[in-house]
Amino acid sequence: MSRVAGFLVRAGIATWLLLPLSVSAASSPSPDLGRILIAPPPGYTASPTATYHGRFTAQDFALTWGSNSATGLSQLSSDGFVDGYGMMWKEAATGRYLAEFIIEFQGGNGATNWLGSEEVENKADSHYQHADSIDGIGTYYYGVHGAQQSPAQVLDGFEFVKGNDMLGVAFWSPKDDVLELARTQTKRQYDAAPVWTIPSAQWPENNRDVGQGPSLADMNQGIIGGLLVIVALLAGGGFWFMRRAERPKPAEVKPEMSPDGQFWWSGSTWVATSEMPPPWAQRSPDGAYWWDGQKWRAVPQNPVSAPAPR
């Protein structure tokens, strides 16, 4: 498919399996992102002409958004793209494919923002059928099941954030028989991935003067600057809360709040709490409240409608 980055197809699942990404000739990144990806199950061999085969740049990844590549590149840059690495393998006996990738961002907020953008893009695809669920990989993830009839291809995959990185794992098969494979491989990848590849003390959201309140420019640009985050919340908010029967504990990643508690920091702008909560904030089981790091707040009943992307 041409929609490589988030697994779903904008032009057909089978098509994109043969589309190569250019591989950067720059010096090896530090850390070596390729070492973070785990090995495929037995019987899978690397496909050197496939989409994922080594390091890729923000420009490479943005091209997978097709006609929206300029928007994708702008969003990647805004979110703080640092480096990327991907691989693809094939199991000849079954015709199944496995793809894995990792994108390193400057901070956790950027990785989470991009995950929301990916989810919105993928759910808009005509081959998207429903969400996949999984346990044991944290709060910030989404799973997807997609299919096409001719040629027969079924996809199950997951994308998740761990620290300042977003990682993805997906299987394709001529049959609907890869969900458990995707769950197992994703859980192994989550457990193997480091807590972060850039120390949290160096993240942009942790290196600001939090004593200063939001500027007028910040407030005026809050909704526009957080557009894709807002869309992600409105389109897929059901996939962001913790699936627990009891009242959840505060999230490990707490939103950064302004001194007066009226705004939260998206990674690039201040967003009013009266307009929307952070997409990554902890939710109560009923979805009616979110945790700001100190107290529970009610989720706004009528979120502001975001302007249409240009």
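Given the structure is predicted, the values throughout are model-derived calculations rather than measurements.
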Subject >> Approximate separation, where rounding is to 0.5 Å, of H127 NE2 and Q148 CD >> reply: 4.5 Å
Original post:
Side-chain contact, heavy-atom cut-off 4.5 Å: D165 with I103?
Top reply: no
**OP:** Could you tell me the separation between the CD atom of Q75 and the CD atom of E118, rounded to the nearest 0.5 Å?
**Re:** 10.0 Å
Subject >> Separation between CG of L37 and CD1 of I102, rounded to the nearest 0.5 Å >> reply: 6.5 Å
Original post:
Is any side-chain heavy atom of I36 closer than 4.5 Å to a side-chain heavy atom of L33?
Top reply: yes
**OP:** Look at the rings of F61 and F101 and say which category their plane angle falls in: under 30° parallel, 30 to 60° tilted, over 60° perpendicular.
**Re:** tilted
Original post:
V154 and K175: side chain to side chain contact (heavy atoms under 4.5 Å, CB included), yes or no, with the steps?
Top reply: CA-CA 6 Å; V154 177; K175 302 177 182 179; over 6 Å; no
Subject >> Geometric class of the H145/H130 ring pair [parallel <30°, tilted 30-60°, perpendicular >60°] >> reply: parallel
**OP:** For side chain to side chain contact (heavy atoms under 4.5 Å, CB included), just list the numbers for F158 and V169, CA-CA rounded to whole Å, side-chain angles, deciding distance to a tenth of an Å, and then say yes or no.
**Re:** CA-CA 5 Å; F158 298 89; V169 175; 5.6 Å; no
Original post:
Between W265 and W270, is the gap from one ring center to the other below 6.0 Å?
Top reply: yes
Original post:
Counting only N and O atoms by type, is there a donor-acceptor contact under 3.5 Å from the side chain of S258 to the main-chain atoms of F263?
Top reply: yes
Original post:
Excluding sequence neighbours, so at least two apart, what forms side chain to side chain contact (heavy atoms under 4.5 Å, CB included) with T94?
Top reply: E91, R96
**OP:** Would you list the pairs meeting salt bridge (Lys or Arg N to Asp or Glu O under 4.0 Å) in which at least one residue belongs to residues 138-148, sequence neighbours left out?
**Re:** none
Subject >> Separation between CG of L155 and OG of S173, rounded to the nearest 0.5 Å >> reply: 10.5 Å
**OP:** Verify whether one side chain among Y141 and E159 offers a donor that lies under 3.5 Å from an acceptor in the other.
**Re:** no
Original post:
Once you round to the nearest 0.5 Å, how far does CG of N113 lie from OG of S78?
Top reply: 7.5 Å
**OP:** Check whether V120 and L73 end up in the same hydrophobic cluster, where Ile, Leu, Val, Met, Phe, Trp and Tyr are linked by side-chain heavy atoms less than 4.5 Å apart.
**Re:** no
**OP:** Please identify each residue that fulfils ring pair (Phe, Tyr, Trp, His ring centres under 6.0 Å) with F81, with sequence neighbours left out.
**Re:** none
**OP:** Measure centre to centre between the rings of Y190 and F160, then say whether the value is under 6.0 Å.
**Re:** yes
**OP:** Could you tell me whether the side chain of W264 reaches within less than 4.5 Å of the side chain of M276, counting heavy atoms only?
**Re:** yes
**OP:** Mind checking side-chain hydrogen bond (donor to acceptor under 3.5 Å, both in side chains) for Q149 and listing every partner two or more places apart, or none if nothing turns up?
**Re:** none
Subject >> Single-linkage hydrophobic cluster, 4.5 Å side-chain cutoff, M166 and I38 together >> reply: no
Original post:
Do N109 and T112 have a side chain donor and acceptor closer than 3.5 Å?
Top reply: no
**OP:** Measure the shortest side-chain to side-chain distance between S133 and R183 over non-hydrogen atoms and say whether it is less than 4.5 angstrom.
**Re:** yes
**OP:** Using the side chain to side chain contact (heavy atoms under 4.5 Å, CB included) rule, take W114 and L76 through it: C-alpha gap first, then chi angles, then the decisive distance, then the call.
**Re:** CA-CA 7 Å; W114 180 252; L76 278 170; 3.6 Å; yes
**OP:** Side-chain contact test, heavy atoms from C-beta onward, threshold under 4.5 Å: evaluate it for E100 versus M88 and give yes or no.
**Re:** no
Original post:
Are T197 and N164 close enough that a side-chain donor and a side-chain acceptor fall under 3.5 Å?
Top reply: yes
**OP:** Taking the side chain as every heavy atom from C-beta outward, state whether R297 and P277 have any pair of such atoms under 4.5 Å apart.
**Re:** no
**OP:** Taking the side chain as every heavy atom from C-beta outward, state whether D156 and V144 have any pair of such atoms under 4.5 Å apart.
**Re:** no
Original post:
Can you tell me if Q106 and Q202 form a side-chain donor-acceptor pair at under 3.5 Å?
Top reply: no
Subject >> From CD (Q189) to OG1 (T184), nearest 0.5 Å >> reply: 13.5 Å
Original post:
Given side chains that start at C-beta, do those of L98 and P41 come closer than 4.5 Å, heavy atoms only?
Top reply: yes
Original post:
Is there a chain of hydrophobic side chains (I, L, V, M, F, W, Y, each step under 4.5 Å between heavy atoms) that links I137 to L167?
Top reply: yes
Subject >> Closest non-hydrogen atom pair between I198 and F105, with its separation >> reply: CD1-O, 3.6 Å
Original post:
Tell me, which pairs form a salt bridge (Lys or Arg N to Asp or Glu O under 4.0 Å) where one or both residues lie in residues 188-197, sequence neighbours left out?
Top reply: K187-D191
Original post:
In chain order, what residues pass the side chain to side chain contact (heavy atoms under 4.5 Å, CB included) check against P174, with sequence neighbours excluded?
Top reply: none
**OP:** For the residue pair Y44 and F171, categorise the inter-ring angle as parallel (less than 30°), tilted (30 to 60°) or perpendicular (more than 60°).
**Re:** perpendicular
